[in-house]
*Asks:* 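Below you will find the structure I want to go over with you.
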Amino acid sequence: MELIYIIIGVAGLTLGFVIDRLLLKKSIDKRIKGAEEKKKLIIKEAKINADNIKKDRILEAKEKFLKLKTEFEEEANRKKNQIISNENKLKQRESSLSKQIEQNKRAEAEMESMKENLSAQMEIVKKRKEEFDKLKKQQVDILEKVSNLTAEEAKSQLVEALKDEARTDATAHIKEILEEAKMTATKEAKKVVLQTIQRTATEHAIENCVSIFNIESDDIKGKIIGREGRNIRALESVTGVEIIVDDTPEAIVISGFDPVRREIARLSLHRLVQDGRIHPARIEEVVAKTTKNIEEEIVEIGERTVIDLGIHGLHPELIKMVGRMRFRSSYGQNLLQHSREVAKLCATLASELGLNAKLAKRAGLLHDIGKVWPEEPETPHAILGMELAKKHKENAEVCNAIGAHHDEIEMTSMISPIVQACDAISGSRPGARREIMESYIKRLKELEGLALGFEGVNKCYAIQAGRELRVLVDADHVTDKEAGDLSFNISQKIEKDMQYPGQIKVTVIRETRAIAFAK
């Protein structure tokens with residue numbers, strides 16, 4: 001029984017295996033058939049795509065061929081037209097050359113005929129000249145017989161008589177001219193000078209020692225002063241001027257004899273007030289930046305001045321010195337305005353006298369250039385200005401006019417007395433100058449220079465009209481004890497070497513700063 005079951009099981013397994021194989025074969029055959037049909041379909045699509053690509057390529061090739069053909073035809077037509085144009089030009093040139101050759105031949109023929117005519121005329125003139133010489137000789141022989149004198153003797157007697165007569169007439173005319181010149185010379189000279197002054201009308205602005213800084217409200221004064229006055233002290237220390245904050249509404253007074261320092265302080269205050277951040281560190285930063293900007297402004301002022309006056313080819317260093325004149329005064333008169341006025345007067349006067357107006361204007365602008373030399377040596381400013389002009393290769397007449405306008409050297413050109421006269425005209429205008437101002441500024445500069453001669457002194461500022469001297473020292477080289485000794489030594493030196501009214505307060509400022517960086 002069990003054997004039968006085993007046989008049936010084996011038979012069933014065998015039958016199942018056979019059926020499975022048949023089904024698998026049928027499935028495989030079906031897949032193969034589907035794959036073949038798909039293959040045929042892919043091949044058919046590939047052929048269709050290939051045909052389409054082929055057609056596209058053929059169309060593109062045809063279009064490209066047509067385009068190249070069109071371009072070639074256009075280029076060929078252009079070259080053909082150019083060749084035709086060149087041929088026409090050549091024909092025109094040939095025709096013009098042939099015409100010119102014909103004209104030259106005609107001109108040569110005319111020249112030959114003119115030469116022949118000229119030769120004939122020369123022969124006629126020669127014959128007539130010979131006849132004239134013979135006739136003249138006959139007349140001279142007749143006159144010699146009548147006067148019993150030769151032609152040379154008669155000529156010499158006539159010349160001597162004419163000389164005496166001419167000498168007498170000339171002497172009389174010279175006397176008349178000299179008398180007339182003496183009568184009119186002074187009148188004409190005054191007329192020229194007056195016309196020159198009238199044509200050069202300028203404002204008579206005198207330099208002061210204070211500048212007014214306007215503010216919008218009095219609340220800003222408190223910010224400028226700072227806690228316990230630290231802001232205003234920092235500003236006065238770095239600028240070297242005195243800041244006066246009083247009861248004047250909406251105004252702060254900046255006092256100082258040096259216009260550059262006043263301008264730096266004014267611009268720094270303007271920037272600080274606009275920024276709103278006012279403290280010692282910010283003040284030092286703004287003042288340093290403003291000082292740099294002032295140097296750039298000096299160059300700009302010099303360039304603008306020479307352009308306004310029409311002066312060209314001036315050396316850059318001389319242009320910079322012209323700009324510095326804006327911040328320098330001479331006896332209370334602004335030096336740049338004075339120099340511009342002298343330049344215009346020189347140009348006008350030189351043109352009235354028929355001299356080189358451009359050269360005179362150049363000399364007038366540069367005549368006080370020695371006053372703005374920063375080192376301020378003992379050499380007179382006229383000689384120093386002449387040396388600077390020579391160094392920067394200025395014209396010899398300009399150099400002589402600069403050096404001779406105060407009679408330090410001899411005048412060698414006509415421009416020199418013109419510059420001297422125009423300098424006197426500008427300086428002698430009513431109200432143009434104040435003699436006391438120049439001596440005052442000179443005394444303050446001497447006071448600062450005296451303190452700067454001591455070792456360890458970095459900066460020195462004379463403020464309060466010279467009644468106080470603030471000395472800033474280097475903390476690394478001067479101790480607190482040495483600072484006290486330094487103030488005493490400076491005061492003793494002032495008492496010994498200078499003359500001044502009242503008393504001078506010497507304040508030595510020593511500041512120590514410790515700086516570290518967190519990284």
Side-chain angles (χ1 to χ4, degrees), residues 193-194 196-209 211 257-260 262-263 297-311 314 318-350 357-374 376 380-386 388-389 394 398-399 401-408 415-442 445:
V193 173
L194 286 172
T196 303
I197 294 171
Q198 287 171 353
R199 287 169 62 182
T200 313
T202 57
E203 297 179 358
H204 316 313
I206 299 174
E207 290 288 297
N208 296 315
C209 288
S211 298
F257 72 92
D258 192 331
V260 178
R262 290 203 310 274
E263 185 67 10
E297 185 183 352
I298 284 171
V299 177
E300 186 180 346
I301 290 169
E303 291 174 349
R304 191 164 57 245
T305 301
V306 296
I307 290 170
D308 290 345
L309 293 175
I311 295 172
L314 205 61
L318 293 179
I319 291 175
K320 191 174 182 180
M321 289 183 185
V322 170
R324 282 181 189 158
M325 290 182 181
R326 165 66 179 77
F327 302 102
R328 176 77 160 79
S329 61
S330 177
Y331 296 97
Q333 187 180 27
N334 183 271
L335 193 59
L336 181 59
Q337 294 299 327
H338 166 65
S339 298
R340 287 172 65 102
E341 184 180 353
V342 171
K344 292 177 182 178
L345 286 167
C346 287
T348 308
L349 197 57
K358 290 185 178 180
L359 213 58
K361 186 190 292 184
R362 198 182 190 95
L365 179 65
L366 300 176
H367 79 285
D368 272 345
I369 204 78
K371 288 186 177 181
V372 293
W373 183 248
E376 296 197 16
H381 74 272
I383 302 297
L384 181 59
M386 180 184 69
L388 289 171
E394 277 296 318
V398 174
C399 295
I402 295 170
H405 78 277
H406 284 313
D407 294 322
E408 274 88 1
I415 294 175
S416 300
I418 290 176
V419 172
Q420 187 180 50
C422 293
D423 180 42
I425 291 169
S426 175
S428 60
R429 289 180 184 272
R433 291 188 170 186
R434 292 188 302 201
E435 299 292 332
I436 300 173
M437 173 65 75
E438 190 73 10
S439 59
Y440 161 71
I441 292 174
K442 185 177 180 182
K445 286 185 176 180

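Given the structure is predicted, the values throughout are model-derived calculations rather than measurements.
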*Asks:* How far apart are the closest heavy atoms of A343 and K361, and which atoms are they?
*Replies:*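 Heavy-atom minimum between the residues: CB-O, 3.5 Å.
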
*Asks:* When rounded to the nearest 0.5 angstrom, what is the spacing between SG in C422 and CD1 in I418?
*Replies:*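 With rounding to 0.5 Å, SG (C422) is 7.0 Å from CD1 (I418).
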
*Asks:* Evaluate the side-chain proximity of M325 to H338: yes if any heavy-atom separation is below 4.5 Å, no if none is.
*Replies:*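 H338 does not reach M325 side chain to side chain.
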
*Asks:* Can we call the ring centroids of H367 and H406 under 6.0 Å apart?
*Replies:*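 No - the distance between ring centres of H367 and H406 does not fall below the 6.0 Å cut-off.
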
*Asks:* Hey, which of D308, I307, L309 is the one that makes side-chain contact (heavy atoms from CB on, under 4.5 Å) with T305?
*Replies:*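 Going through D308, I307, L309 one by one, the side-chain contact (heavy atoms from CB on, under 4.5 Å) with T305 is satisfied by L309 alone.
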
*Asks:* Report yes if some heavy atom in the side chain of E341 is under 4.5 Å from a heavy atom in the side chain of I425; otherwise report no.
*Replies:*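 Not touching, per the 4.5 Å side-chain cut-off.
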
*Asks:* Using a 3.5 Å distance criterion without hydrogens, assess whether the side chain of K320 forms a donor-acceptor pair with backbone atoms of I298.
*Replies:*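 Checked: no pair found.
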
*Asks:* Quick one: do R326 and E297 make a salt bridge, cutoff under 4.0 Å?
*Replies:*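 The answer is no: the pair does not qualify as a salt bridge.
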
*Asks:* To the nearest 0.5 Å, how far apart are SG in C346 and CG in L365?
*Replies:*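 So the SG of C346 and the CG of L365 are separated by 10.0 Å.
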
*Asks:* Measure across A347 and A357 and return the closest heavy-atom pair with its distance rounded to 0.1 Å.
*Replies:*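 Heavy-atom minimum between the residues: O-CB, 3.6 Å.
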
*Asks:* Side chains of E394 and L318, heavy atoms from C-beta outward: is any pair under 4.5 Å?
*Replies:*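 A side-chain contact under 4.5 Å exists here.
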
*Asks:* Quick one: which of I383, L366, L388, L384 gives a side-chain contact (heavy atoms from CB on, under 4.5 Å) with I402?
*Replies:*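 Result for side-chain contact (heavy atoms from CB on, under 4.5 Å) with I402: L366.
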
*Asks:* Take L336 and I301 through the side chain to side chain contact (heavy atoms under 4.5 Å, CB included) test and state the conclusion after the steps.
*Replies:* CA-CA 10 Å; L336 181 59; I301 290 169; 3.7 Å; yes

*Asks:* How about D407 and Q420: do any of their side-chain heavy atoms sit closer than 4.5 Å?
*Replies:*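 In contact.
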
*Asks:* Can you give me the closest heavy-atom contact between G302 and V322, atom names plus distance?
*Replies:*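 Distance-wise, the nearest heavy atoms are CA-CG1, 4.2 Å.
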
*Asks:* For A401, enumerate each residue passing the side chain to side chain contact (heavy atoms under 4.5 Å, CB included) test, keeping only those at least two apart in sequence or located in another chain.
*Replies:*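 Once residues adjacent in sequence are excluded, the partners of A401 under the side chain to side chain contact (heavy atoms under 4.5 Å, CB included) criterion are A363, I415, S416, V419.
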
*Asks:* What residues, two or more places apart in sequence or in another chain, satisfy side chain to side chain contact (heavy atoms under 4.5 Å, CB included) together with E303?
*Replies:*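 Here the qualifying residues are V299, I319.
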
